[in-house]
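The structure appears right after this line, and notes come after that.
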Protein chains: 2
Amino acid sequence: MAREIERKFLVRNDDWRAVVQDRQHFRQGYLTDHRHGKASVRLRLRGEQAELNIKSLELGVSRQEYEYPIPATEAREMLDHLCPGPQVEKFRHWVHDSGHIWEVDEFLGDNSGLVVAEVELEREDQTVNRPHWLGPEVTHLERYYNVALITHPYRQWTVAEREAVDAG
Amino acid sequence: MAREIERKFLVRNDDWRAVVQDRQHFRQGYLTDHRHGKASVRLRLRGEQAELNIKSLELGVSRQEYEYPIPATEAREMLDHLCPGPQVEKFRHWVHDSGHIWEVDEFLGDNSGLVVAEVELEREDQTVNRPHWLGPEVTHLERYYNVALITHPYRQWTVAEREAVDAG
């Protein structure tokens with residue numbers, strides 16, 4: 001399986017909204033508690049597509065992962081009633097700009113206020129053509145990972161956490 | 001959905017083995033810890049068929065349950081590596097005797113020594129024709145439920161727990 005090369009950035013302003021091609025609502029939550037057990041069981045709803053994802057909590061080379069499509073109505077019921085912890089909810093926008101397809105995630109709920117733009121590259125050294133609305137890079141900051149946004153959502157971040165970005 | 005009417009019995013001896021029509025290996029374990037969260041996530045492997053079952057831990061009228069078929073090889077991997085707690089493992093035998101189809105479960109591992117026979121009925125007041133190998137009824141004893149056999153397996157039972165049966 002190919003490794004994904006992705007870079008993640010903040011956005012400077014709302015100008016990307018003028019070039020949105022499509023958008024979809026995302027919601028994800030966990031049936032398991034990360035502090036217990038050997039696996040996480042995640043539900044993800046993307047528009048009317050849903051998946052159940054099971055992942056080993058042990059980090060290492062052979063980290064196991066399983067994914068099964070399930071009916072969206074059932075995923076929604078489980079997210080509403082069976083997921084004890086916080087959830088990540090966002091609108092993902094697809095934005096064609098500067099020769100790239102950008103995924104701009106506008107978070108909702110406990111992460112509202114946070115907007116990040118991701119681009120997938122074919123090679124690590126590929127040049128990124130930055131649209132004028134693109135802000136500083138945050139690729140290497142773990143607090144922007146989805147799993148981190150569940151335990152430490154954006155609305156709880158300090159000013160320092162909001163302002164610090166990748167070096168260089 | 002029809003309600004299942006089942007009665008469960010111990011067996012007196014091994015005579016049922018002479019009339020076994022078919023048997024299948026069953027194994028089940030949980031990805032979740034029953035003490036945490038709002039749902040249990042169970043893996044069940046029956047021969048080469050496997051299912052993932054998600055059930056609300058809240059008891060009540062509208063107890064939610066979801067079941068998805070998954071590949072047997074993946075269920076086996078998850079049972080081997082991702083289920084932290086004890087598992088229930090048994091051979092289920094199908095036995096045609098006295099006009100009924102009996103399911104005789106011979107447990108393995110921590111529940112070895114336990115053999116129970118179940119019969120499914122069409123009506124609650126239906127007469128059960130008891131084969132000569134059938135022992136006393138245990139339908140109403142919760143410690144014989146599969147979920148109980150995980151937390152309090154047969155090999156840990158006291159003599160009193162092994163000997164007490166349904167009244168009447």
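Quick note on labels: first sequence line is chain A, next is B, and so on, each numbered from 1.
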### Message
Starting from B:Ile150, can I reach B:Leu45 by hopping between I/L/V/M/F/W/Y residues whose side chains sit under 4.5 Å apart?
### Response
no
### Message
If hydrophobic clusters are built by linking Ile, Leu, Val, Met, Phe, Trp and Tyr wherever their side-chain heavy atoms come under 4.5 Å apart, do A:Trp102 and A:Trp16 end up in the same one?
### Response
yes
### Query
Once you round to the nearest 0.5 Å, how far does CD of B:Glu67 lie from CD of A:Glu74?
11.0 Å
### Task
Heavy atoms only: give me the nearest A:Gly37-B:Pro84 pair and the separation to one decimal.
CA-CG, 4.1 Å
#### Entry: Co-membership, hydrophobic cluster, residues B:Leu141 and B:Val116, 4.5 Å side-chain
yes
### Message
With a 4.5 Å cut-off on side-chain heavy atoms, are A:Leu52 and B:Ile54 touching?
### Response
yes
## Note on the structure
What one should report as the nearest heavy-atom pair of B:Leu31 and A:Thr32 is O-CG2, 4.4 Å
#### Entry: Heavy-atom check, side chain of A:Tyr66 versus side chain of B:Leu82, under 4.5 Å
yes
### Task
Identify whether A:Leu108 and A:Leu10 are in the same connected component of the hydrophobic contact network (ILVMFWY, side-chain heavy atoms under 4.5 Å).
no
### Query
Would B:Tyr68 and B:Leu79 show up in the same hydrophobic cluster when neighbours are defined by side-chain heavy atoms closer than 4.5 Å?
yes
